[in-house]
Amino acid sequence: MIIERDVAIAMDDGLELRADIYRPDGAEPVPVIMTMGPYGKGVTYQDHHYKHSWDWMIQNHPDLLAGSKHRWLTWETVDPEIWVAWGYAVIRVDSRGAGRSPGTLDIFSERETLDFYHAIEWGGTRDWSNGKVGLNGISYYAMNQWWVAALQPPHLTAMIPWEGAADSYRDVFRHGGILSNKFIESWYPRQVLSVQHGNPTAPHDPWLDQSSSGPEKLSESQLAANRFDTLANARAREMDDRWYRNRSPDWSKVITPFVSAASWAGFGLHPRGNFAAFTHAASKQKWLDGHPGRHEEWFYLEYGLQLQKRFFDHFLKGEANGWGNEARVWLNLRKPFTDQVELRKENEWPLSGTAWTKLFLDARAGALTWEAPKQEGQATFAAAVESLRWMSPPLTEETEITGPLALKLFVSSSTIDADMFVTLQAFSPDGREVEFQGTVDPHTPLAQGWLRASHRKLCKERSTPFQPYHTHDEKQPLTPGEIYELDVEIWPTCIVLPAGYRLALDIRGHDFSRPSANEGLLYSGAGPWLHDDALDRPMSIFGGETTIHTGPGRESFLLVPVILRRST
């Protein structure tokens, strides 16, 4: 293996980004696997703030990345020891203003995306490159794949955005219009600012034996002057505007072949973007994978590695390995109280033959029912502290629920607005909740959705019965006491429930949580994707009483994607 460190890649404005390159020691040109991001190419996966994640992975998967000594691992990127042995060059680029690349730090920005374009073209024109560049990485290293693909770099040939959000407004910063602040407040300083270029306290790069943030030593004021405040921008922008649009892909321009790999339990960040990409991107060669597990887990397991290798071998090496004939949708079906899954392959999303089934809310009974209630009812809760749970009757047969969900509500509030936090749960006959290891939270429920009532306006062109799409371009305050019709988008799920199990719907005016004395709020069901910004959610408005109305003319219901029996 040839290893080159801190290689300069010139941008169109003359600034040079820095990259580490791992490639085979041979004369034959090879394809490129590239990532670019702000986490520091010199920060090891096994140390610093990623150590907990690595320890979890190696404890649960002692044979992880078989054949590798784990010498050159960084967070959410491919293992060079594996991929170079497979005949690929691996390039990791520090994005502008991050790690060892100078400049102004502006995450998710147009400038950063343009830099990625130029880095891809640089990688595709090296003497040792075969001219085909693939992108492959998790989270940040997946999200920016959607954005740069819309620029259509000539040498970009294929990509695998593994758990990558897309719509900055709806997926990342504002769920249903509600500011998702808590994750950004912890993630940004820990994983981004800690390796901002020139940060004197940045982790040590063991491979260069220098600072992972470059040779400069900047003061706090200099560092602050060299970056944009991303959370402040999101906090100041309640409605969807150009700032968010510039950080979201134009699906009509995404034509690169891709595999979009989505987590079933990533509510609050990535999976919505993965499913939207498969549904809306213009690419004619696209695949969708749905998998369970922790955030980075399945990317490094043998299942994920072989999926990635076959896809890239086909598109970057031209191997006739049958990938072109593969089914377009791979579903790893979850079942209660087991980590075992069944792989079933389909060809569309949502699945053909889905029986879109209504479960009606009955406020008089406090229940979910298969028949619309014949009498009016209402149920009220204190938005800041209380919640309502609506339980279905036991299922009469094994039932698969796979796909997006939607909730129709008729709501009134004692104030001029109301935030709706919606969670789908399931319970066994003996009362145990069906929960799964999520991307972070080990106790993730089946599905979640959010909506601010004043953001209820729908886009008539993009909305469907099973996936409402809100414009977020006009705020429509409530008149206290008046009843309004709301359509809540609930992110997709996949579960096979045995007969006798019951579905439950939790509705509240604050983040979902369960009692979790031993593990704290972070592991109470919503993970770190919480919404408690005092400026965005003042108690004078969002601490009132919310009432759910049901019955004739106010049929509140959950639309459930029930899948007819089919073979795996």
Side-chain angles (χ1 to χ4, degrees), residues 1-9 16-47 50 54 57 64-95 98-101 115-116 118-138 140-142 144-145 155-160 162 195 203-210 212 214 296 299-300 304-306 308-309 311-313 315-317:
M1 184 190 295
I2 296 172
I3 301 176
E4 300 172 272
R5 304 245 178 239
D6 252 12
V7 176
I9 303 178
E16 292 183 338
L17 303 185
R18 295 290 170 171
D20 286 353
I21 302 171
Y22 307 79
R23 55 188 177 89
D25 186 4
E28 183 177 352
V30 296
V32 172
I33 302 295
M34 179 179 283
T35 51
M36 190 184 83
Y39 293 159
K41 62 183 177 60
V43 180
T44 60
Y45 186 177
Q46 296 95 326
D47 298 309
Y50 303 116
W54 172 255
M57 286 286 287
L64 189 72
L65 298 167
S68 169
K69 295 182 181 179
H70 311 149
R71 288 174 288 183
W72 296 299
L73 291 176
T74 60
W75 175 245
E76 299 181 335
T77 66
V78 302
D79 182 350
E81 288 187 81
I82 297 291
W83 285 85
V84 172
W86 285 346
Y88 291 86
V90 174
I91 303 179
R92 295 173 177 153
V93 186
D94 278 343
S95 56
R100 297 185 64 85
S101 293
D115 288 346
F116 203 1
H118 292 301
I120 290 168
E121 291 307 290
W122 183 91
T125 53
R126 299 306 93 194
D127 291 341
W128 41 260
S129 168
N130 74 351
K132 296 183 177 181
V133 177
L135 307 179
N136 191 21
I138 312 171
Y140 200 108
Y141 300 110
N144 59 13
Q145 292 182 44
H155 288 89
L156 177 57
T157 307
M159 61 186 191
I160 303 181
W162 196 280
V195 285
H204 185 73
D205 180 336
W207 304 303
L208 274 174
D209 195 22
Q210 298 178 35
S212 62
E296 70 276 31
F299 182 81
Y300 294 108
L305 289 175
Q306 291 307 314
Q308 297 162 47
K309 183 178 187 299
F311 174 78
F312 283 129
D313 283 352
F315 282 103
L316 303 187
K317 292 184 176 182

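We number each residue from 1, following the sequence as shown. Note that this is a predicted model, so its numbers are computed, not measured.
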Minimum heavy-atom distance W162-G304, with the two atoms named: CH2-CA, 3.8 Å
All side-chain contact (heavy atoms from CB on, under 4.5 Å) counterparts of A19, not counting sequence neighbours: I9, I91, V93
Are side-chain N/O atoms of S212 and R100 paired as donor and acceptor at under 3.5 Å? no
Check the surroundings of atom CD in Q306: do more than 12 heavy atoms from other residues, nucleotides or ligands lie under 6.0 Å from it? yes
Working to the nearest 0.5 angstrom, can you tell me the gap between I33 CD1 and D79 CG? 13.0 Å
Output for pair (Q46 CD, M57 CE), nearest 0.5 Å, gives 11.0 Å
Taking C-beta and beyond as the side chain, do Y50 and E296 meet within less than 4.5 Å on heavy atoms? no
List the atom pairs, with distances to 0.1 Å, where a side-chain N or O of residues 128-137 and a protein N or O form a donor-acceptor pair under 3.5 Å, not counting sequence neighbours.
{"unit_1": "S129", "atom_1": "OG", "unit_2": "G123", "atom_2": "O", "d": "3.1"}
{"unit_1": "S129", "atom_1": "OG", "unit_2": "G131", "atom_2": "N", "d": "3.0"}
{"unit_1": "N130", "atom_1": "OD1", "unit_2": "K132", "atom_2": "N", "d": "2.9"}
{"unit_1": "N130", "atom_1": "ND2", "unit_2": "L316", "atom_2": "O", "d": "3.1"}
{"unit_1": "N136", "atom_1": "ND2", "unit_2": "Q308", "atom_2": "OE1", "d": "2.9"}

Exam field: side chain T157 to backbone H155, donor-acceptor pair closer than 3.5 Å: yes
For V195 and G40 the tightest heavy-atom approach is CG2-N, 4.1 Å
Parallel, tilted or perpendicular: which one describes the rings of Y45 and Y300, with boundaries at 30° and 60°? tilted
Could you tell me which non-hydrogen atom of P31 sits nearest to which non-hydrogen atom of G87, and how far apart they are? CD-O, 3.6 Å
Tell me, do W72 and I3 make a side-chain contact under 4.5 Å, heavy atoms counted? yes
Give, for atom CD1 of I21 and atom CE of M1, the distance between the pair rounded to the nearest 0.5 Å. 13.0 Å
Mind checking whether H70 and W54 have ring centres under 6.0 Å apart? yes
Less than 4.0 angstrom from a charged side-chain N to a carboxylate O is my criterion; do D205 and R5 meet it? no
Would you mind checking if D20 and R92 are paired as a salt bridge, meaning a charged N to carboxylate O distance below 4.0 Å? no
Heavy-atom side-chain proximity of L305 to W86 below 4.5 angstrom: yes
Please report the C-alpha distance between E76 and T35 in whole Å, then the side-chain angles of each, then the deciding distance to 0.1 Å, and finally whether the side-chain contact (heavy atoms from CB on, under 4.5 Å) criterion is met. CA-CA 9 Å; E76 299 181 335; T35 51; over 6 Å; no
Check whether any side-chain heavy atom of Y141 lies under 4.5 Å from a side-chain heavy atom of T77, and answer yes or no. yes
So, taking the atom named CG in D94 and the one named CZ in R18, what distance separates them when rounded to the nearest 0.5 Å? 10.5 Å
For the pair W75 and Y140, evaluate side-chain contact (heavy atoms from CB on, under 4.5 Å) and give the outcome as yes or no after the intermediate values. CA-CA 10 Å; W75 175 245; Y140 200 108; over 6 Å; no
Correct closest heavy-atom pair for I2 and P24 would be CD1-O, 4.1 Å
What I'd like to find out is whether the side chain of I120 reaches to under 4.5 Å of the side chain of H118, using heavy atoms alone. no
Could you walk me through whether L17 and D115 pass the side-chain contact (heavy atoms from CB on, under 4.5 Å) check? CA-CA 8 Å; L17 303 185; D115 288 346; 4.0 Å; yes
Distance only, no hydrogens: is a donor on one side chain within 3.5 Å (strictly under) of an acceptor on the other, for H204 and D47? no
Would you say the side chain of P29 lies within less than 4.5 Å of the side chain of R126, judging by non-hydrogen atoms? no
Gap between atom OG of S68 and atom CD1 of I82 - 0.5 Å precision: 5.0 Å
For a side-chain contact (heavy atoms from CB on, under 4.5 Å) check, start with the C-alpha distance between W207 and K41, then their side-chain angles and the critical distance, and finish with the verdict. CA-CA 10 Å; W207 304 303; K41 62 183 177 60; over 6 Å; no
Taking 4.0 angstrom as the limit, do E81 and R71 come out as a salt bridge? yes
Are any of the side-chain heavy atoms of V78 and V90 separated by less than 4.5 Å? yes
Does the side chain of E4 reach to within under 4.5 Å of the side chain of R23, using non-hydrogen atoms? yes
Under 6.0 Å between ring centres: does that hold for Y22 and Y88? no
